[in-house]
Each structure stands twice: as C-alpha cells, then as structure tokens.
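Structure first, commentary second.
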Amino acid sequence: HVEPERKETYSGVANAFGFAPIEKDFAVHFDCTAINFARRGMLLTSYHNSAKDSVYIGAVMQVPDIGSRDGWKAMGAEAEKTREEILSRFGDSNIPCIVPLIKKAEDFFLWPIFTLSKHGKWATDRVMLLGDAAHAMPPQGESTGIVFEDTVLFSRCLTRWIEKGRPGNNMKEAFDAYEKLRRGRIEAAFEESKDVVRTVSDAGWLGHKIKTYVIPWFLWFTSGTRQKHFIEDVTTVDIGY
C-alpha cells in the first residue's frame, strides 16, 4: 500500500539459532554474552535467562539464496543439517565450550535476512510503516531495540499532534515530524548493517586475519556512538515537535 514496488532483497546472510540447556558446572568463556568470529561467519553465545541454565546460540553466516519462501522453509526445517553446517564453520574453535554448546542445542532454526532499499517511502497520508516494514536491514547490534524505539518515538509524535489539536485534520504533520526525527538514525544504522554483512561473509585465511586485528579497533573506535544509543531514553529525548 505504501510503496508496493519496493521489494525485499536477500542480504546474502542468514541467522541460524537455537537454545542449549547447560549444567551448573558447565564452563563458558563469557559472563553474559560473547561474539565469536570465524573465517565463515559470526557466532553469538549468550545467556538469555536469569537462571543462566541455557545459552542462546546464533550463527550469522553467508548462505546461498534458496530462491523461494517454500525453499527456505524446507531448509529451515532441517535442524540437524543446520547444526552440521554450524559445526563445519565453528567446530575448529579453540574455545572449549563452543562445540559442546552447538551439540547441546535442542533445535536450530534458520532465518534468511532480507533488506529493503535505504531510501524507501515510509508513509502515506494515512499509513505509517515502522520497524522492518519500513527499514528491514541485517542485524547491527541494535536491531530489535530500533523497532521498539520506532514505536515509542512515533507514539510520542502522534500524542503531540493530538495535544496540538489535530492540525490539518489528518496525521501527515505527525508523520512528517516522526520521519524528520528518525530518518537520519535509520540511515546510519543501515550503513552499519552493511559492515556486519561484510564481517560475517566467508573470508580466506588472510582476510580473516585482517578482520581479527581490525574488528577490535573498530569496536573501540565506535564504542562512544554505540554507548550513546544504548543509554538514550527515547521516552524523554527531545523529539523536536
């Protein structure tokens, strides 16, 4: 309805994830979360509950396009093949817990990651798209958080429009205020997501060595910007409207 000709594009990477129950004495290499890089992908390992008796395992990796929704469904349903693929990519890790965690995972689910074009249309006079419907992109560290931010900031713009007496008798002014507030942040995140795709794509020995040395410096160099976004409170930030 908003921009039907704007079609999703497969990013070239997919996310395979599962949950591994662990015993109390099972030793891991992280306090809460770890990002583990390999030549052929990135593996996220993280506690996901307060009991710390289960670990989320998410592999973001380069996967050829299957070409159809049914094809992706069929491939995603083959949990053991997905496990084998993850083991082939991360099974040579020097970190002792990686292989046992992959083997312990009860199921694996495979989700292809699609994107929308960067400068797409978000709204009509009556409809506003939020989250992935407006700006689907590969994960870049804040993906789910960005969706929640969209919702809060849009609701604040809409509330402000109501407080102003519904000028114009349509919501276009509120839509414009939200888009002015949000467009720059989303476009910056879109560029960050491209770096993630390049980082997790398959690399040769030399390419992986370069990434191993460059990524820590990149994370250090960009830590200030990420910290700013992490601590920003979208319920109180000035929306400029």
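Along the sequence shown, the residues carry numbers beginning at 1. What you see below is based on every heavy atom in this structure, not just the backbone, and it leaves out hydrogens, waters and symmetry mates.
Note that CG of N36 and CZ of R89 are 15.0 Å apart. Values are rounded to the nearest 0.5 Å. Taking CG from L43 and CZ from F37, the interatomic distance works out to 10.5 Å, rounded to the nearest 0.5 Å. The OG1 atom of T124 sits 8.0 Å away from the CG atom of L129 when rounded to the nearest 0.5 Å. Taking CD1 from I57 and CD from E106, the interatomic distance works out to 10.5 Å, rounded to the nearest 0.5 Å. Put simply, CZ on F190 and CG on L116 are 8.0 Å apart, with the number rounded to the nearest 0.5 Å. The distance from the SG atom of C157 to the CG atom of L181 is 5.5 Å, given to the nearest 0.5 Å.
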Query raised in the report: Run the side chain to side chain contact (heavy atoms under 4.5 Å, CB included) check on I113 and N15 step by step: do they pass?
Result: CA-CA 7 Å; I113 299 171; N15 179 29; 4.2 Å; yes
Query raised in the report: Would H135 and E187 satisfy side-chain hydrogen bond (donor to acceptor under 3.5 Å, both in side chains), going step by step from the backbone distance to the final call?
Result: CA-CA 9 Å; H135 47 72; E187 292 187 354; over 6 Å; no
**Report entry** Derivation and outcome, side chain to side chain contact (heavy atoms under 4.5 Å, CB included), residues E173 and K164
**Finding:** CA-CA 11 Å; E173 182 178 297; K164 291 177 67 175; 2.9 Å; yes
Report task. I would like to know whether R40 and E85 meet salt bridge (charged side-chain N to carboxylate O under 4.0 Å, His left out); could you show each step before the answer? Result -> CA-CA 10 Å; R40 300 170 58 221; E85 180 65 25; 3.5 Å; yes
Report task. Begin with the C-alpha distance, continue with both residues' side-chain angles, and end with the deciding distance and a verdict on side chain to side chain contact (heavy atoms under 4.5 Å, CB included) for F108 and F17. Result -> CA-CA 5 Å; F108 275 108; F17 65 93; 5.6 Å; no
Report task. Please test R69 against W72 for side chain to side chain contact (heavy atoms under 4.5 Å, CB included), starting from the C-alpha separation and ending with a verdict. Result -> CA-CA 5 Å; R69 184 181 296 271; W72 280 112; 5.9 Å; no
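Between S155 and V152, the closest heavy-atom pair is OG-O, 2.7 Å. Annotation for T212 and P216: closest pair O-CD, 3.1 Å, computed over non-hydrogen atoms. Across V99 and F90, no two heavy atoms sit closer than the pair CG2-O, 4.4 Å. The minimum heavy-atom distance linking G131 with V147 is given by the pair CA-CG2, 4.0 Å. When all heavy atoms of I22 and S54 are compared, the pair lying nearest together is CG1-N, 4.0 Å. Between V197 and S11, the closest heavy-atom pair is CG1-O, 4.0 Å.
Ring pair F175/F154: centre-to-centre distance below 6.0 Å.
Contact of the R39 side chain with the D202 side chain is not registered, since no non-hydrogen atoms from C-beta on lie closer than 4.5 Å. Looking at heavy atoms from C-beta onward, R156 lies out of side-chain contact with V234 at the 4.5 angstrom threshold. Residues C97 and F26 meet the side-chain proximity criterion, which asks for heavy atoms closer than 4.5 Å. E232 is listed as a side-chain neighbour of V237, based on a closest heavy-atom distance under 4.5 Å. Using a 4.5 Å heavy-atom threshold, the side chains of P138 and T115 count as touching. Side-chain contact between V63 and M61 is present, with at least one heavy-atom pair separated by less than 4.5 Å.
When atom types are taken as modelled, the side chain of S93 and the backbone of I95 share a donor-acceptor pair closer than 3.5 angstrom. Within the 3.5 Å criterion, the main-chain N or O of N169 finds no donor-acceptor partner in the side chain of K172. A donor-acceptor contact shorter than 3.5 Å is absent between the side chain of R126 and the backbone of N170. R6 contributes a side-chain N or O that, together with a main-chain N or O of S117, makes up a donor-acceptor pair within less than 3.5 Å. Checked by atom type and distance alone, the side chain of R83 pairs as donor or acceptor with a backbone atom of A105 at under 3.5 Å. With W161 contributing its side chain and P167 its backbone, the two residues share a donor-acceptor pair below 3.5 Å. No donor-acceptor pair closer than 3.5 Å links the side chain of E8 to the backbone N or O of F114.
Under the 3.5 Å distance criterion, with hydrogens and angles disregarded, no donor-acceptor pair is assigned to the side chains of Y47 and D31. For the residue pair D233 and T235, a side-chain donor N or O sits within less than 3.5 Å of a side-chain acceptor on the partner.
Residues I35 and W220 do not share a hydrophobic cluster, clusters being chains of Ile/Leu/Val/Met/Phe/Trp/Tyr side chains in contact below 4.5 Å. Under a hydrophobic-cluster definition in which Ile, Leu, Val, Met, Phe, Trp and Tyr are linked whenever side-chain heavy atoms come within less than 4.5 Å, directly or via other members, V214 and W205 are assigned to the same cluster. The cluster map of Ile, Leu, Val, Met, Phe, Trp and Tyr, joined by side-chain heavy atoms under 4.5 Å apart, puts F30 and I98 in the same cluster. In this structure, L44 is a member of the same hydrophobic cluster as W111, with clusters built from ILVMFWY side-chain heavy atoms closer than 4.5 Å. M128 and I146 fall within the same hydrophobic cluster, where Ile, Leu, Val, Met, Phe, Trp and Tyr residues are linked whenever their side-chain heavy atoms come under 4.5 Å apart, directly or through other members.
In this structure, K209 places its NZ atom where only 12 or fewer heavy-atom neighbours from other residues, nucleotides or ligands lie under 6.0 Å away. Within 6.0 Å of NZ in K104 there are more than 12 heavy atoms belonging to other residues, nucleotides or ligands.
Ion pairing of K180 with D176 is absent here, as no side-chain N (NZ or NE/NH1/NH2) approaches a carboxylate O to less than 4.0 Å. A salt bridge links K118 with E191: at least one charged nitrogen is closer than 4.0 Å to a carboxylate oxygen. A salt bridge links R182 and D150; the closest N-O separation between the charged side-chain nitrogens and carboxylate oxygens is under 4.0 Å.
A cation-pi arrangement is present between R183 and W122, with the terminal nitrogen or guanidinium carbon under 6.0 Å from the aromatic centre and inside a 45° cone about the axis.
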